[in-house]
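Note on naming: letters A, B, ... go to the chains in the order of the sequence lines (proteins, then strands), and numbering restarts at 1 for each one.
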Amino acid sequence: MSAPSQPAPERWSVVVVGAGPAGLAATCEASEAGHSTLLLDANVAPGGQIWRPHRGQPAAHARPWLARLQASGAELRCGARVVDVPSPNELRVQQSSGLQSNGVQSVHFENLILATGASERFLPFPGWTLPGVFGAGGLQALVKGGLPVEGKRVLVAGSGPLLVAVADALRQRGADVVGLAEQASTGQLLGLAHALLRQPRKLVQLMDLRRRLLGVPWRNSTWPVRAHGIDRLEAVKLRSSGGRSHTLAVDMLACGFGLVPETRLAQLLGCRVSSGKVAVDESQRTSRPNVFCAGESTGIGGVDLALTEGRIAGLAAVGHVDAVVRLQTARSSHRAFADALDHAFRLRPELCDLPDGATVVCRCEDVTWAALQHAEDARDAKLHSRCGMGSCQGRVCGPAVETLRGWPLPVPRPPLFPIPARFWRPSTETSASPCPSREPQTSN
Amino acid sequence: MRHHKPPHVPATRVWLDGEALQVPEGSGLAAILLRHRPAGWSRSVDGGLRAPLCGMGICFECRVTVDGKPRLACMTPCRDGMTVQTDLGSSVGDTP
């Protein structure tokens with residue numbers, strides 16, 4: 001049986017993974033310096049989460065960067081997911097959107113810049129699997145995809161500055177935002193005042209947002225304890241510290257408890273990850289000398305920090321040391337603000353008491369909180385209950401049990417996303433028994 | 001009261017579980033599915049219906065079959081003529 005001929009292996013001076021703000025900035029800097037640069041993103045269009053296009057139209061803040069990207073000569077490849085790292089300077093990239101692959105190709109790099117961003121932390125509570133319960137960023141993403149919310153009663157809950165941005169965006173699209181419930185206390189949030197005074201631009205932004213949200217009942221020290229409904233969400237019960245609770249009739253709940261850096265690819269590459277963040281130095285270099293990381297995956301810090309870090313990573317990857325040094329002041333300043341935000345929005349212990357025995361914790365495999373009671377760690381839970389063995393590979397339940405039980409997120413194993421078995425080529429270092437390498441088919 | 005004719009918004013035709021839908025151009029598939037299946041469309045292990053949670057391609061609750069292939073609706077733009085089948089619809093292989 002003759003194997004179909006393989007195209008010549010792709011080799012790039014710089015490969016960037018993730019086309020959000022950090023990845024776009026990194027790609028522009030590297031390509032403008034004259035290096036062959038490839039930018040990969042799993043989505044159908046660049047922008048990441050914060051600059052997600054609205055019904056196909058690029059976000060306003062993304063446009064100058066997209067224009068710069070186009071002028072830079074870099075290649076942008078969308079619908080591309082990295083699924084494996086079979087050898088130190090090689091990525092296996094699945095080319096398509098969604099589960100089914102149109103083929104998996106190898107991409108070789110001299111320098112790699114990871115800008116894989118973050119996802120929301122979801123915490124389980126009774127009723128959270130009802131249709132109509134969304135993440136906060138989740139609902140915003142769906143609205144950008146064209147979901148109408150005009151006239152819908154929406155409650156925004158959970159934690160973090162994202163809630164404010166989401167409430168504002170929903171209101172602008174005509175939603176009736178019936179409340180914003182932040183689990184952090186007022187005292188915790190007042191701790192931000194000091195940091196805000198040092199960053200007048202951010203203070204102005206916040207005050208502007210606050211003004212636009214006048215009329216939305218905003219409660220601190222308040223969190224959801226139950227989502228009510230038969231086959232879809234109808235109401236949400238909230239509790240405040242001090243014991244008071246009240247129930248609101250709603251059409252949708254936008255609920256997320258902060259952001260979690262996406263570190264799986266970095267871990268697969270052998271980069272050091274510390275406290276759930278990819279560890280980097282001031283040049284955004286990871287523990288692997290030719291791998292850099294920028295943006296939310298190095299620690300949640302917002303768009304300004306992501307852009308600065310992205311630029312630093314791109315410049316550092318092509319050896320522009322002076323430019324890297326010039327960006328350090330901005331980096332430190334944005335990082336200080338990010339650290340202050342992190343501290344202000346830390347999660348309260350009451351959130352660990354939210355699920356009851358029947359509450360589903362692993363949504364993919366329908367594993368309840370009761371089933372996890374006797375497990376000692378994530379691996380133990382997986383072996384006894386299948387928790388974390390579903391399609392999401394622990395992306396949803398992992399951060400949840402990290403908060404609930406203190407279990408560190410499990411070390412990922414390839415493939416990083418589900419792919420059809422015929423495209424799976426175990427690397428020789430990891431396969432238990434050697435098997436003949438099967439060439440991937442070139443037809444669907 | 002508006003008396004002017006609204007601007008023409010090009011439409012895209014999509015088949016959902018055998019039913020033809022006109023959707024606004026540039027729509028994402030998950031947004032369209034939520035309008036037409038607000039009580040969800042993918043079955044969990046225990047048989048309950050799920051709807052999207054994360055909106056960004058990690059929770060897999062929005063899974064559907066598009067033109068015969070498994071896809072995540074939140075990562076799939078609507079394209080004219082695409083056929084979509086959910087766990088609620090006719091089995092894969094039935095024509096729209």
Just verifying a value: how many Å separate Glu120(A) CD and Ile58(B) CD1, rounded to the nearest 0.5 Å? 8.5 Å
Going by heavy atoms in the side chains, are Met75(B) and Val44(A) under 4.5 Å from each other? no
Considering non-hydrogen atoms only, spot the tightest contact between Leu142(A) and Ala31(B) and give its length. O-CB, 3.9 Å
Chain B contacts, top residue of Gly56(A), Gly135(A), Cys397(A), Gly137(A) (heavy-atom pairs, under 4.5 Å): Gly135(A)
Chain B shares the most heavy-atom pairs under 4.5 Å, among Cys255(A), Ser119(A), Gly229(A), with Ser119(A)
Nearest 0.5 Å, what's the CD-CE distance between Glu262(A) and Met56(B)? 7.5 Å
So which atom in Cys59(B) and which in Cys364(A) form the shortest heavy-atom distance, rounded to 0.1 Å? O-SG, 4.2 Å
Do Leu53(B) and Trp128(A) have side chains that approach each other closer than 4.5 Å (heavy atoms only, starting at C-beta)? yes
Taking C-beta and beyond as the side chain, do Pro418(A) and Phe60(B) meet within less than 4.5 Å on heavy atoms? yes
Does atom CZ (Arg35(B)) have a neighbourhood of more than 12 heavy atoms from anything else shown, all under 6.0 Å? no
Flag the pair Leu34(B) / Phe134(A) as yes when at least one side-chain heavy-atom distance between them is below 4.5 Å, and no otherwise. yes
Does atom CZ (Arg43(B)) have a neighbourhood of more than 12 heavy atoms from anything else shown, all under 6.0 Å? yes
Is a side-chain N or O of Arg55(A) found less than 3.5 angstrom from the main chain of Pro24(B), in a donor-acceptor match? no
Looking at every non-hydrogen atom in both residues, tell me the closest pair between Pro131(A) and Ala51(B) and how far apart they are. CB-CB, 3.6 Å
What's the separation between atom CG in Leu49(B) and atom OG1 in Thr129(A), rounded to the nearest 0.5 Å? 11.0 Å
Gap between atom SG of Cys54(B) and atom CG of Leu139(A) - 0.5 Å precision: 12.0 Å
Minimum heavy-atom separation for Arg50(B) and Val360(A), please, with both atom names. NH2-CG1, 4.3 Å
In residues 146-158 of chain A, which residues are in contact with chain B at a heavy-atom separation under 4.5 Å? Gly146(A), Leu147(A), Pro148(A)
Indicate yes or no for a side-chain donor-acceptor contact from Asp231(A) to the backbone of Ala39(B) under 3.5 Å, with no hydrogens or angles considered. no
